[in-house]
Amino acid sequence: MKAFAYVSAPDVATAVRAIATEPRAKFIGGGTNLVDLMREDIERPDTVVDISGIALTGVEELAGGGVRIGAMVRNSHLAAHPLIRSRYPVLAQAILAGASGQLRNMATVGGNILQRTRCPYFYDRAAACNKREPGSGCDAFGGFTRNHAVLGGSESCIAAHPSDMCVALAALDAVVEVESVRGVRRIPLVEFHRLPGATPHVETDIAADELITAVELPALPVATTSRYRKVRDRASYAFALVSVAAALEVQHGTVATVRLALGGVGAKPWRAHEAERLLLGAAPTEESFRRAAAAELAPAVAQPHNAFKIELAERTIVATLAQLLAAGGAA
Ligand code: SF4
């Protein structure tokens, strides 16, 4: 690991000032991803700005029924919070489906959003990886691709986004608030992560000197019965092969409201806009669920080891929507 300077920031103003003058600095919160990357010599900051003492730890109700979540809220705390469990169960379920208890106790909301891919070639410095070293190539092509993306990838990178939490946030229309010495910006979660294109090393829309300070969830009555369903190779501590975050409201025999996002299949947390478009106003039948799922996966591009994800994603979408319907999504 490269030697680095350490700065402890007691508040947001100090943190963003510290990083503004240190272009090769990194914020550290829970450290559950950054420390691994520094040990592997993949992240090599000159300075680490410790934000773990900043009081961005609230989960507060907003006027109008939404919720504001501080960026330093630990994942385990958020999953257990009564406001989240009652109004956005899909978010609590997604968090509890990710990582291990120990990691959830350390990992923060802001860090979860910024976590980097778990593509094994990214972590292997002997492998070519355009994300780690732009222009070096991608050893995933022709390699082992069971966990790679089928939606949103490019000729440069097919890494899947690893977060469960972000899939729920995408379905819930979450907005990420970031702050720097230039002021505050608000970025919809669905626009926060970038597709790899020709620049897979550029993963998000946040600038190097901006700090995530909060995530806001809008009031969303349909989310009170939302669900997260995750399919993985083992029962715990495994990344999604496919996951689905969904909410469904049926009125007078047709779909009145639907939220659908996918994990494990996309190069970013994947909001299923096409499936939602087809479902809105349709009869809530297995046939319409199947048609919507197939349309969402139609642009999928598979590699030799991950072609199974396409049918698995379609089936998981149908099963999750059917489960919501059976649980009382109709009025
Ligand atoms: Fe790197 Fe992306 Fe290729 Fe994985 S898929 S080796 S992260 S460029």
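By convention here, the first residue in the shown sequence is residue 1. For ligands, and for the atoms within them, numbers begin at 1 and follow the listed sequence.
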Any donor-acceptor N or O pair under 3.5 Å, side chains Gln115, Asn112: yes
Do side-chain atoms of Glu296 reach the backbone of Ala275 as a donor and acceptor pair under 3.5 angstrom?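 Such a contact is found between Glu296 side chain and Ala275 backbone.
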Apply the test side-chain hydrogen bond (donor to acceptor under 3.5 Å, both in side chains) to residues Ser76 and Asn105: give CA-CA distance (whole Å), side-chain angles for both, the deciding distance (0.1 Å), then the verdict. CA-CA 5 Å; Ser76 50; Asn105 286 342; 2.9 Å; yes
So does Arg146 pair up with Asp233, basic N to acidic O under 4.0 Å? yes
Please table the atom pairs, donor to acceptor, closer than 3.5 Å between any side-chain atom in residues 80-91 and protein atoms at least two apart or in another chain.
residue	atom	partner	partner atom	Å
His81	ND1	Leu83	N	3.1
Ser86	OG	Pro82	O	2.8
Ser86	OG	Leu83	O	3.4
Arg87	NH1	Glu61	OE2	3.1
Arg87	NH1	Gly65	O	3.0
Arg87	NH2	Glu61	OE2	2.5
Tyr88	OH	Pro218	O	2.8

Test applied, side-chain contact (heavy atoms from CB on, under 4.5 Å); reference residue, Thr204; option that passes from His193, Glu191, Lys268: His193
May I ask you to determine how many protein N/O/S atoms are under 2.8 Å from atom 3 (Fe) of ligand 1?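 Under the 2.8 Å cut-off, the count stands at 1.
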